[in-house]
S.K.: 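My questions all concern the structure below.
A note on names: the letters A, B, ... follow the listed sequences, proteins ahead of strands, and every chain is numbered from 1.
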Number of protein chains: 2
Amino acid sequence: MGFKERQQRHKEEFKAEILETAVALFAEEGYAKFSMRKLAARIKHSPTTIYLYFRDKDDLLLQICENLYASLLHEMQELRALPLPPEQMLKATCLSYIRYNLANPEQYKVVFFSNPTLYGRPEDYFTRDTMSNRCWQNMCENIDACLTSGFFRPLDRDILAIVLWSAMHGLVSSLIFTKDFPMPDPEAMAEMLLDGLLKGYRA
Amino acid sequence: MGFKERQQRHKEEFKAEILETAVALFAEEGYAKFSMRKLAARIKHSPTTIYLYFRDKDDLLLQICENLYASLLHEMQELRALPLPPEQMLKATCLSYIRYNLANPEQYKVVFFSNPTLYGRPEDYFTRDTMSNRCWQNMCENIDACLTSGFFRPLDRDILAIVLWSAMHGLVSSLIFTKDFPMPDPEAMAEMLLDGLLKGYRA
DNA sequence: AATTGTAGTTAACGGTGTTAAGTCATGGGA
DNA sequence: TCCCATGACTTAACACCGTTAACTACAATT
């Protein structure tokens with residue numbers, strides 16, 4: 001049985017190496033110039049080898065995203081440990097989301113561009129144990145805390161959560177993608193967005 | 001001189017026809033499956049013919065976007081004619097932006113995906129007379145009205161404008177691109193976003 | 001009638017994601 | 001120890017893509 005185990009371990013290590021190289025290639029060349037063939041060249045294997053470890057390009061991208069969400073979740077969980085009132089906790093979490101994604105623009109593009117086919121059917125979203133889902137749960141708990149503490153006035157939790165997220169998503173994606181417009185300082189934007197929204201929903 | 005004029009007119013008509021067909025192809029097949037070769041097949045010409053009328057694919061996409069912004073601007077200008085207080089005018093304009101783009105998701109994708117190289121350098125943005133720029137000016141005027149009327153508290157106009165826009169952009173793009181998450185009703189989301197933001201910046 | 005300009009073409013280049021078929025080393029059972 | 005089955009990996013190919021260079025055919029000007 002020793003052989004099969006070693007074999008298995010080697011496969012997993014190789015897969016991890018491919019993923020790591022893919023992330024590096026992404027960070028260096030950007031989404032547009034990334035290709036399976038370039039990745040293959042970099043890991044010094046034929047393009048088809050990748051398909052032994054990933055179903056297709058989308059599958060590879062999906063797993064890059066999961067890695068991204070995993071470390072984002074990690075950051076958020078560190079925040080959770082701090083003793084902050086609900087509204088400050090929510091704001092800190094949102095700021096963390098914005099900053100983290102602005103610091104990893106190419107991965108964010110992967111999430112964005114691959115999104116359409118990335119995960120499965122929408123009605124199954126909450127049943128899948130993805131890093132994305134866990135981040136979402138964390139976000140929702142923070143919002144719930146603001147609602148039950150009475151900091152926010154009574155609002156539909158689900159709509160509020162997705163609205164907050166989509167506003168942050170808009171900020172991040174416009175900063176990342178916009179190349180033809182003179183964008184202001186990201187921190188000032190984030191501050192104004194969160195300040196406005198949190199005030200706007202206050203009781 | 002009669003010939004050259006007819007020739008010129010024919011060229012313009014043909015170009016318009018290509019553009020129209022491109023928009024149709026886009027609406028039907030979506031951004032991902034759109035290609036110059038398919039467009040060529042549909043207009044019953046060789047792929048290279050398109051290059052006599054458009055520099056490259058991005059140029060074609062850019063002009064589709066300009067068409068989109070042109071009719072959006074038209075909608076906004078109709079709103080401007082109504083006798084509304086600044087805050088209601090701003091809200092109506094924002095709602096119009098959101099609804100219009102949600103009704104034309106594929107064009108919105110073009111704007112989004114082509115954005116990076118679409119227009120030129122950011123510092124030149126305001127000097128170019130593009131439909132995008134005109135829409136932006138309209139938006140800014142509405143915000144200025146809310147600031148000078150005292151409805152909003154004193155805030156940096158430029159940052160406020162781009163923050164408002166990016167929040168709307170986030171709402172639209174998340175609704176258009178998200179396929180793996182059960183999104184709530186777009187109107188309810190738009191209402192909550194605008195309600196929150198406008199309250200949040202109020203004096 | 002010869003010349004020039006030009007709309008449109010064909011053929012090709014270099015790239016893409018992906019699949020089918022084949023190679024070849026190696027561990028496990030006889 | 002020999003055979004063979006497994007499976008990692010490769011080669012070759014398919015069907016696309018955007019784009020360019022070179023060519024053709026035709027009409028207007030000279």
S.K.: For B:E29 and D:dC16, what is the distance between atoms CD and P respectively, to the nearest whole Å?
M.R.: 12 Å
S.K.: Check the distance between C:dT19's P and A:D56's CG and give it to me in whole angstrom.
M.R.: 7 Å
S.K.: Nearest to the side chain of A:T48, heavy atoms from C-beta on, is which of D:dT10, D:dT19, C:dT18?
M.R.: D:dT10
S.K.: Nearest-Å distance, CD1 (A:I50) to P (D:dA8)?
M.R.: 16 Å
S.K.: Have a look at A:F14 and say if it touches a base, only the backbone sugar-phosphate, or nothing, with a 4.0 Å heavy-atom cut-off.
M.R.: sugar-phosphate
S.K.: What's B:S46 touching, base or sugar-phosphate or nothing? Going by heavy atoms closer than 4.0 Å.
M.R.: base
S.K.: Is it true that a side-chain atom of A:T21 and a backbone atom of A:E17 form a donor plus acceptor pair closer than 3.5 Å?
M.R.: yes
S.K.: Using atom CG of B:D58 as one end and atom C1' of D:dT19 as the other, report the distance to the nearest whole Å.
M.R.: 13 Å
S.K.: Establish, yes or no, whether a centroid distance under 6.0 Å links the rings of B:F126 and A:F181.
M.R.: yes
S.K.: Report the distance from atom CE of A:M36 to atom C1' of C:dG15, rounded to the nearest whole Å.
M.R.: 15 Å
S.K.: Which nucleotide in the set C:dG8, D:dG18, D:dT10 lies at the smallest distance from any side-chain heavy atom of B:Y51?
M.R.: D:dG18
S.K.: Does A:K33 reach a base, just sugar-phosphate, or nothing at all? Heavy atoms under 4.0 Å.
M.R.: nothing
S.K.: Verify the contact: side-chain N or O of B:T49 to OP1 or OP2 of C:dG8, cut-off strictly under 4.0 Å; return yes or no.
M.R.: no
S.K.: So, is A:Y53 near the phosphate of D:dC9, with a side-chain N or O under 4.0 Å from OP1 or OP2?
M.R.: yes
S.K.: Select from A:L52 and A:R37 the residue whose nearest nucleotide in DNA chain D is closer to the 5' end of that strand.
M.R.: A:L52
S.K.: Could you please name the option among D:dT20, D:dA8, C:dG17 that lies closest to any side-chain atom of A:K11?
M.R.: D:dA8
S.K.: Would A:R42 and A:E28 pass as an ion pair if we require N to O under 4.0 Å?
M.R.: yes
S.K.: Could you tell me how far apart B:F54 (CZ) and D:dG18 (C1') are, to the nearest whole angstrom?
M.R.: 16 Å
S.K.: Could you state the atom-to-atom distance from NE2 of A:H10 to P of C:dT26 in whole Å?
M.R.: 13 Å
S.K.: What nucleotide, of D:dC9, D:dT19, C:dT19, holds the atom closest to the side chain of B:K57?
M.R.: D:dT19
S.K.: Check the angle between the aromatic planes of A:Y53 and A:F14 and answer parallel, tilted or perpendicular using the 30° and 60° thresholds.
M.R.: perpendicular
S.K.: Going by heavy atoms in the side chains, are B:V23 and B:L68 under 4.5 Å from each other?
M.R.: no
S.K.: If each of A:S35 and A:R55 is mapped to the nucleotide of DNA chain C with the nearest heavy atom, which maps nearer the 5' terminus, i.e. the 5' end?
M.R.: A:S35
S.K.: What is the distance, to the nearest angstrom, from the CD atom on B:E17 to the P atom on C:dA7?
M.R.: 16 Å
